[in-house]
Engineer: 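Input: one structure, supplied below.
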Protein chains: 2
Amino acid sequence: MDAKRVFEEFLTKKNLRMTYQRQVILNLFLQEQRHLSPEELYDMVKVHDPSIGQATVYRTLKLLCEAGIAREVEFGDGVMRYEPEYGRAHHDHIICTDCGDKVEVYDPEIEALQEKMAEREGFRLTHHKMYLYGICKKCQKRRRR
Amino acid sequence: MDAKRVFEEFLTKKNLRMTYQRQVILNLFLQEQRHLSPEELYDMVKVHDPSIGQATVYRTLKLLCEAGIAREVEFGDGVMRYEPEYGRAHHDHIICTDCGDKVEVYDPEIEALQEKMAEREGFRLTHHKMYLYGICKKCQKRRRR
DNA sequence: GCTGAGAATGAAAATCATTTTTATTATTAT
DNA sequence: ATAATAATAAAAATGATTTTCATTCTCAGC
Ligand SMILES: [Mn+2]
Ligand SMILES: [Mn+2]
Ligand SMILES: [Zn+2]
Ligand SMILES: [Zn+2]
């Protein structure tokens, strides 16, 4: 089942409606393979149809998260970003504090230990955020000069 | 060496000055053993001396971070929080999404694997953020009723 | 003790991402 | 079609944080 269909079913279940605007926003969100801020996505939407408002972009991104199609990521620059979630495996991020490059990473050992850690503290874990910050290979070289 | 002295040396090195306001803010910050938002700290500061402005609280917290005395923590409610860093061991947090309770945790295995992961990707790691979210024991029981 | 240069301050205004309001338009069930 | 409800664009509001700016402090050198 593709993301669009998932969104439609989610909307139906909540007595909400699939609208032209939501379709445009979803399509542009999915076709871009980056971590988009609402503002960045809004810029793309404007090119496609300047009549769509930015509040609708914000609202739709919220819905996409609820529907499990998007996920919020916060890299620490004061802007929320969204990435496709549906059909993608969970991952975390390493961010270069020099050039801003982001690498997606996944370590099942870490995930298992997080689970253990939560259990140890009596928590039933629902989700987590993990961001590693450092200097990427390219920037290390550039600095050495 | 205590935090106040560390701060003084940091300021001296940067040609900055230890002022009455910075002393008040530092003292109140240290004596409170919580994760304080600038606004919360400002409220405490106001009680002690209403003439101190909130911009000074914001500015001082920034300096305390630079000096290694405070650390920023973001629990995801749109407010920055600060916790004492100097003289304390590194730790991460588990947050109950029901009651907001926060538990400080540390797992050397996870830390080591994070280091490995960064190396694998060619990054020189500088720091990281890890927040686990779940339901605490108390809230699990309350829900079962 | 004075003085001048730079640092620090409080108050208010500005910023900036995000949310809410409101009047209008679109969609859906009957 | 009609009525009920949801969705929208645009603009205003919000709220945390930052910046501005005029004034006050601090301190090294006299
Ligand atoms: Mn990603
Ligand atoms: Mn803590
Ligand atoms: Zn880099
Ligand atoms: Zn709880």
Side-chain angles (χ1 to χ4, degrees), chain A residues 7-29 35-67 70-83, chain B residues 4 7-29 35-67 70-82:
Chain A
F7 193 37
E8 277 167 353
E9 293 195 358
F10 165 82
L11 292 172
T12 302
K13 203 180 313 174
K14 290 217 139 195
N15 283 318
L16 304 176
R17 294 159 184 172
M18 176 56 98
T19 63
Y20 158 72
Q21 288 90 338
R22 285 173 181 166
Q23 287 190 38
V24 170
I25 292 166
L26 175 56
N27 285 339
L28 291 175
F29 173 70
H35 306 95
L36 289 169
S37 69
E39 220 56 38
E40 286 166 346
L41 182 53
Y42 174 51
D43 285 343
M44 296 165 53
V45 167
K46 262 193 302 195
V47 172
H48 194 271
D49 184 342
S51 78
I52 296 177
Q54 71 164 357
T56 301
V57 174
Y58 274 92
R59 286 186 283 236
T60 302
L61 281 169
K62 282 259 151 73
L63 286 175
L64 290 176
C65 287
E66 268 193 78
R71 176 166 83 117
E72 294 188 335
V73 284
E74 277 215 68
F75 295 131
D77 59 349
V79 190
M80 189 65 76
R81 281 163 205 285
Y82 295 83
E83 67 176 353
Chain B
K4 189 175 172 181
F7 192 37
E8 277 166 352
E9 294 195 359
F10 166 82
L11 292 172
T12 303
K13 203 180 313 176
K14 289 217 139 196
N15 285 317
L16 304 177
R17 292 157 187 177
M18 177 56 97
T19 63
Y20 159 72
Q21 288 88 338
R22 285 173 181 167
Q23 287 190 41
V24 170
I25 293 166
L26 175 56
N27 286 338
L28 291 175
F29 172 70
H35 306 96
L36 289 169
S37 68
E39 220 57 37
E40 286 167 347
L41 182 53
Y42 175 50
D43 285 342
M44 298 166 51
V45 167
K46 262 192 300 196
V47 172
H48 194 272
D49 183 342
S51 79
I52 296 177
Q54 72 163 356
T56 301
V57 174
Y58 274 93
R59 286 187 282 235
T60 302
L61 281 169
K62 281 262 149 73
L63 286 174
L64 290 176
C65 287
E66 267 193 78
R71 175 166 84 118
E72 294 188 334
V73 283
E74 277 215 70
F75 295 131
D77 59 349
V79 190
M80 189 64 76
R81 279 163 207 287
Y82 295 83

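Below, read A as the first sequence line, B as the second, and so on, with proteins coming before strands; counting in each chain starts at 1.
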Engineer: Any chance you could measure B:Met44, atom CE, to B:Asn27, atom CG, to the nearest 0.5 Å?
Structural biologist: 10.5 Å
Engineer: Closest heavy-atom contact between B:Tyr58 and B:Glu39?
Structural biologist: OH-OE1, 3.4 Å
Engineer: Here's a test of your reading of the structure: between B:Pro50 and B:Leu16, which maps to the more 5' nucleotide of DNA chain C?
Structural biologist: B:Leu16
Engineer: What's the shortest heavy-atom distance between B:Met80 and B:Pro38, and which atoms?
Structural biologist: O-CD, 3.3 Å
Engineer: Can you give me the N/O atom pairs linking the protein to nucleotides 15-23 of chain C at distances under 3.5 Å, or say none if there are none?
Structural biologist:
unit_1, atom_1, unit_2, atom_2, d
C:dT18, OP1, A:Met80, N, 3.0
C:dT18, OP2, A:Tyr58, OH, 3.0
C:dT19, OP1, A:Lys62, NZ, 2.6
C:dT19, OP2, A:Lys62, NZ, 2.9

Engineer: Would you kindly give the CD-to-P distance between B:Glu40 and D:dA16, to the nearest whole Å?
Structural biologist: 11 Å
Engineer: In whole angstrom, what separates B:Lys14's NZ from D:dT26's P?
Structural biologist: 21 Å
Engineer: Calculate the interatomic distance between A:Gln23 atom CD and C:dA26 atom P; express it in whole Å.
Structural biologist: 16 Å
Engineer: So, does A:Thr19 get its side chain near the phosphate of D:dA6, meaning an N or O under 4.0 Å from OP1 or OP2?
Structural biologist: no
Engineer: Does a nitrogen or oxygen in the side chain of A:Arg17 sit under 4.0 Å from OP1 or OP2 of C:dT28?
Structural biologist: no
Engineer: I need the CZ-P distance between B:Phe75 and D:dA16, as an integer number of Å.
Structural biologist: 17 Å
Engineer: Atom CG of B:Asp77 to atom P of D:dA16: distance rounded to whole Å?
Structural biologist: 10 Å
Engineer: Hunt down the Watson-Crick or G-U wobble partner of C:dG1, both distances under 3.5 Å, from any strand shown, or write none.
Structural biologist: D:dC30
Engineer: Please answer whether the main-chain N or O of A:Glu8 pairs with a side-chain N or O of A:Arg22 as donor and acceptor at a distance below 3.5 Å.
Structural biologist: no
Engineer: Of all the heavy-atom pairs spanning A:Gln54 and A:Tyr42, show the shortest one and how long it is.
Structural biologist: N-CE1, 3.4 Å
Engineer: To the nearest angstrom, how far is B:Tyr42 atom OH from D:dA16 atom C1'?
Structural biologist: 14 Å
Engineer: Can you check whether B:Tyr82 reaches B:Glu72 side chain to side chain, under 4.5 Å on heavy atoms?
Structural biologist: yes
